[in-house]
Amino acid sequence: MNDNLPVPINVIVITLKFIMKFTTNDLNVFIRFAKKIMSNITFIMIKPDAVERGLTGNILKDINDAGFNIRALKLTKLSIDEAKMFYSIHSERPFFDELTKFMSRSPIVAAVLEKENAVSEFRKLIGDTDPSNAKEGTIRNKYAISKGENSVHGSDSDENAKIEAEFHFSGREILL
Ligand code: IDP
Ligand code: MG
C-alpha cells in the first residue's frame, strides 16, 4: 500500500476555504463581542475626600441603585508618581500639582463597572466636574467639596476606560 498518495488539489482548496471561512467568522464574532464589552465598561475611583469622610458605602449604593454591576473593586493608594502618571493628560494644566497631591493624599477606591454605555451613563450619574454646576441628585452634587475635591472619577471614553482599568487592575482581578 502506498502511504504517499498525493491529496487532490481541490480537496486542499476546499479544506483551506473552509478553515478560512471558519476563522473569519470566528474573528468577526470575537471583534463584535470585544467591542460590546468595551462599550459596557468604565473605570471609576472614589477619591480621597470621599473615602476620608466615610462616603464609600453611600457612593457604592448609588452606583448599585443606578444599575451598574461591579466587575472589579479595591481599596488602594496612589503614590505621587502614580497620580502624575494616571493624570498625565492634565500635566500642562494649572491644577496638575493640586490634583496629583490630592489624589495621593490618602486611600482611594478603584472599580471597574459594567452597564450598557457605561462611560456616558456613569458621567451622567456623577454630574459636572464642578459640584456647583452638578445636577441635583448626582454624586458630585450630593458629596463633592469643590471642583478639585469632587469625590469621584469616571473615564471619559471607552479607550481610556480600558487603559485606566489596566493601570489599576491585573486581568485576573477584572471579572467580566
Ligand atoms: P472630570 O473628572 O470631570 O473628567 P477633568 O477636566 O478631566 O474633569 O479634570 C480631572 C480632575 O482634575 C477633576 O475631576 C478635578 O478633580 C480636577 N480639576 C479639574 N479642574 C480643576 C480646577 O479648575 N481646579 C482644581 N482641580 C481641578
Ligand atoms: Mg476627565
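Atoms within each ligand, like the ligands themselves, are counted from 1 in listed order. Note that the structure is a prediction, hence the values are computed from the model and not measured.
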- prompt: Any ion pair linking Glu149 and Lys47 (charged N to carboxylate O, less than 4.0 Å)?
  reply: no
message: Hydrogens and angles aside, do Asn69 and Lys115 bring a side-chain donor and acceptor to less than 3.5 Å of each other?
response: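 No.
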field: Sub-4.0 Å heavy-atom environment of ligand 1, residues by chain
entry: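 Within 4.0 Å of ligand 1, the protein residues are Lys47, His90, Phe95, Glu98, Leu99, Arg123, Thr129, Arg140, Lys147, Gly148, Asn150.
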field: Closest non-hydrogen atom pair, Asp49 against Arg105
entry: CA-NH2, 4.0 Å
message: Once salt bridge (Lys or Arg N to Asp or Glu O under 4.0 Å) is applied, what residue pairs with a partner in residues 126-142 remain, sequence neighbours excluded?
response: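 Checked against salt bridge (Lys or Arg N to Asp or Glu O under 4.0 Å) - neighbours excluded - the pairs reaching residues 126-142 are Asp62-Lys142.
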task: For atom NZ of Lys77, decide whether the heavy atoms of other residues, nucleotides or ligands shown that lie under 6.0 angstrom number more than 12.
output: yes
query: Under the criterion side chain to side chain contact (heavy atoms under 4.5 Å, CB included), which of Ile12, Val13, Val11 is the partner of Thr15?
result: Val11
